[in-house]
Amino acid sequence: MSIKLSICIPTYNRAAFLGEALDSVIRQATDEVEIVVSDNASTDNTEALVREYQARFPRIRYHRNPENLGADRNYLKVVELAEGEYCWLLGSDDAIAEGAIAALLPLLGDADLYLTDEIHPSGRD
C-alpha cells in the first residue's frame with residue numbers, strides 16, 4: 001500500500017517532548033501513514049529516542065542533518081524526505097488528538113491544503 005499521509009516532524013533538542021508526539025501518531029496510524037523526523041543536529045538524545053521508536057514502529061524514517069540548518073530549512077527538509085501524497089507538519093512538542101488521523105484520511109484528495117484547529121490542554125480552542 002502506498003503512503004497517503006506523511007506526518008512530518010522537524011525537531012531540534014526536543015527529546016523530552018518528542019515521545020509524546022510520536023505516541024500520539026503511532027496510536028492511530030494506519031498502513032497509509034508514515035512518520036518522518038528531521039533532526040536539526042540535536043545535542044540531546046533525540047536520535048536514540050527515535051531509534052527506540054523505530055524498533056516498534058517501522059514506518060518512522062529518521063534523518064539527522066550534519067549541522068543545524070535553521071528552522072525554515074529543516075521544515076523544508078522534512079517535507080522533502082516525505083513519501084506521502086500529503087504532509088502534516090507537526091511540532092515535535094505537539095500531539096495529535098485521538099481520532100484526528102482517521103477523520104482526515106477520507107478527506108484527502110478533495111483539496112490541496114487542509115487546515116486543522118488546535119486544542120489546548122485546558123480545553124480552550
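Heavy atoms only: backbone and side chains are in, while hydrogens, waters and symmetry mates are out.
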*Taking side chain to side chain donor-acceptor pair (under 3.5 Å) as the test, write out the residues that go with Y62, two or more places apart.*
D39
*Please answer whether the main-chain N or O of A95 pairs with a side-chain N or O of E20 as donor and acceptor at a distance below 3.5 Å.*
no
*asked:* Nearest 0.5 angstrom please: K4 NZ to S6 OG, how far?
replied: 12.5 Å
*asked:* Treating R64 as the side-chain partner and S42 as the backbone partner, does any N or O pair qualify as donor plus acceptor under 3.5 Å?
replied: yes
_As an exercise, state the distance from OH of Y53 to CG of L18, rounded to the nearest 0.5 Å._
7.5 Å
*Which of these, L76, V78, L69, sits in a side-chain contact (heavy atoms from CB on, under 4.5 Å) with S38?*
V78
*With distance as the sole test, does N13 use its side chain to make a donor-acceptor pair with the main-chain N or O of T43 at under 3.5 Å?*
yes
_R73 atom CZ: more than 12 heavy-atom contacts under 6.0 Å_ = no
*Who passes salt bridge (Lys or Arg N to Asp or Glu O under 4.0 Å) against R51, sequence neighbours left out?*
E47
*Is N40 reaching over with its side chain to a backbone N or O of N74, donor-acceptor style, under 3.5 angstrom?*
no
*Backbone N or O of G109 within a donor-acceptor pair of the Y86 side chain at under 3.5 Å?*
yes
_For the CZ atom on F57, are there more than 12 heavy atoms of other groups (residues, nucleotides or ligands in this structure) within a distance under 6.0 Å?_
yes
_Lys/Arg cation over aromatic Y12: R14, 6.0 Å, 45° cone_ = no
_Return the CD to CD1 distance between Q28 and I101, rounded to the nearest 0.5 Å._
4.0 Å
*Polar side-chain atom of E34 near backbone of I3 as donor-acceptor pair, under 3.5 Å*: no
_G70 backbone acceptor or donor facing N68 side chain under 3.5 Å_ = yes
